[in-house]
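Only heavy atoms go into these numbers, but all of them, side chains included; no hydrogens, no water, no symmetry mates. Chain A is the first sequence line, chain B the second, and so forth, proteins listed ahead of strands; every chain is numbered from 1.
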There are 2 protein chains.
Amino acid sequence: MSVSQIVELLKNHGLKITPQRVEILRFLQSNRIHPTAQQIYEHVLSKVGSVSFTTVYNTLHTLEEMGQVKKIAISESMAIYDIDTSDHGHFVCTVCGSIYDINYKVKMNLPGTVQRTELIVYGVCSQCSDYLQHNV
Amino acid sequence: MSVSQIVELLKNHGLKITPQRVEILRFLQSNRIHPTAQQIYEHVLSKVGSVSFTTVYNTLHTLEEMGQVKKIAISESMAIYDIDTSDHGHFVCTVCGSIYDINYKVKMNLPGTVQRTELIVYGVCSQCSDYLQHNV
DNA sequence: ATTACTGCAAAACCTTTGCAGTGGT
DNA sequence: ACCACTGCAAAGGTTTTGCAGTAAT
């Protein structure tokens, strides 16, 4: 998504175009690392020169309400933000911290109707297990 | 699990028997509500008369290390604790907050080896949807 | 008697909120 | 010129840590 498309997106939702908002969206869209608010803050600060956590959280909340971003609790102390709002799970490497998207199919009996499903798999990614195999 | 079995469990792991520890384990085992640290604190306070968050968290960490308790992040601000450490997922009712255990089978392609899997389904439980259907 | 455990108080951490000032429209 | 947005500073909620006193062995 280009900057002009980001600008369009913001305009279409009646939002003002600010450098912080544009850079937050650009970051989420170009680096699919599933960043934390902290990582977004650091990136935008380095690019735009001025940003606050207030603005980061404000923007993320706005984007969540717009349905443009999903917030995922990978731990009880932190959320990550995913610009891919389609149905998918996450693989978290407990060695390097990388987060991979995963596709899955689940079979289950539920005591009610579903709103959303979150699957998080913790493990060691191939890169890390290769590395460990050759170096430990 | 009886109190004497709880005492055995603690002894077998070289831990001292304190009223707080016994009551935390009793609570986790008798009420399978998947409590938060806050709920455990309140319960133990009402039963034992004296407890602190320090002790609640100390005990939960010890039990986690012993593999007797699983910590689950149902939101980014809070953890719940589950004495059932077997492989299962959770259904969280977004109306009443109840947490149900669910069994599931999942098919997926993974970019590494699995350590543990966490499935959380958010939705409305039958009780709440029945209630809503008749009263709204 | 020893030392593990409890619990207070303070800190750490992430996120939210109040409010004044700035900047996009 | 308007008012949405930014950002500081302070507060909120959950969890952790330091340390002194207490209680289980």
Partner set under side-chain contact (heavy atoms from CB on, under 4.5 Å) for B:Glu42, not counting sequence neighbours: B:Gln38
Contact list for DNA chain C against residues 63-75 of chain B - heavy-atom distance below 4.0 Å: none
Strand-adjacent residues in residues 13-39 of chain A, judged by heavy atoms under 4.0 Å from DNA chain C: A:Lys16, A:Ile17, A:Ala37
Contact list for residues 107-120 of chain B, test side-chain hydrogen bond (donor to acceptor under 3.5 Å, both in side chains), sequence neighbours left out: A:Thr94-B:Gln115
Covered region of DNA chain D, 5' end to 3' end, by chain A [heavy atoms, under 4.0 Å]: D:dC3 to D:dA9
Identify every side-chain donor-acceptor pair in residues 7-19 of chain B under 3.5 Å, counting partners at least two apart or on other chains, and give the distances.
residue	atom	partner	partner atom	Å
B:Asn12	ND2	B:Glu8	O	3.3
B:His13	ND1	B:Leu9	O	3.0
B:Thr18	OG1	B:Arg21	N	3.2

All side chain to side chain donor-acceptor pair (under 3.5 Å) counterparts of B:Gln68, not counting sequence neighbours: none
Within residues 42-62 of chain A, residues whose heavy atoms come under 4.0 Å of DNA chain D: A:Ser50, A:Val51, A:Ser52, A:Thr54, A:Thr55, A:Asn58
A:Glu23: partners by side-chain contact (heavy atoms from CB on, under 4.5 Å), with sequence neighbours left out: A:Arg26, A:His43, A:Val44, A:Lys47, A:Val48
Scan the side chains in residues 128-136 of chain B for donor-acceptor partners under 3.5 Å anywhere in the protein, sequence neighbours excluded, and list what turns up.
residue	atom	partner	partner atom	Å
B:Ser129	OG	B:Cys125	O	3.2
B:Ser129	OG	B:Ser126	O	3.2
B:His134	ND1	B:Asp130	O	2.9
B:Asn135	ND2	B:Tyr131	O	2.8

Cut-off 3.5 Å, no hydrogens considered: what does the side-chain donor-acceptor table look like for residues 80-90 of chain A, sequence neighbours left out?
residue	atom	partner	partner atom	Å
A:Asp82	OD1	A:Asp84	N	2.8
A:Asp82	OD2	A:His34	NE2	3.3
A:Asp82	OD2	A:His88	NE2	2.8
A:Asp82	OD2	A:His90	NE2	2.9
A:Asp84	OD1	A:Ser86	N	3.0
A:Asp84	OD1	A:Ser86	OG	2.7
A:His88	ND1	A:Ser86	O	2.7
A:His88	NE2	A:His90	NE2	3.2
A:His88	NE2	A:Asp101	OD1	3.1
A:His90	NE2	A:His34	NE2	3.3
A:His90	NE2	A:Asp101	OD1	3.2

Set of side-chain contact (heavy atoms from CB on, under 4.5 Å) partners for A:Leu45, sequence neighbours left out: A:Tyr41, A:Val51
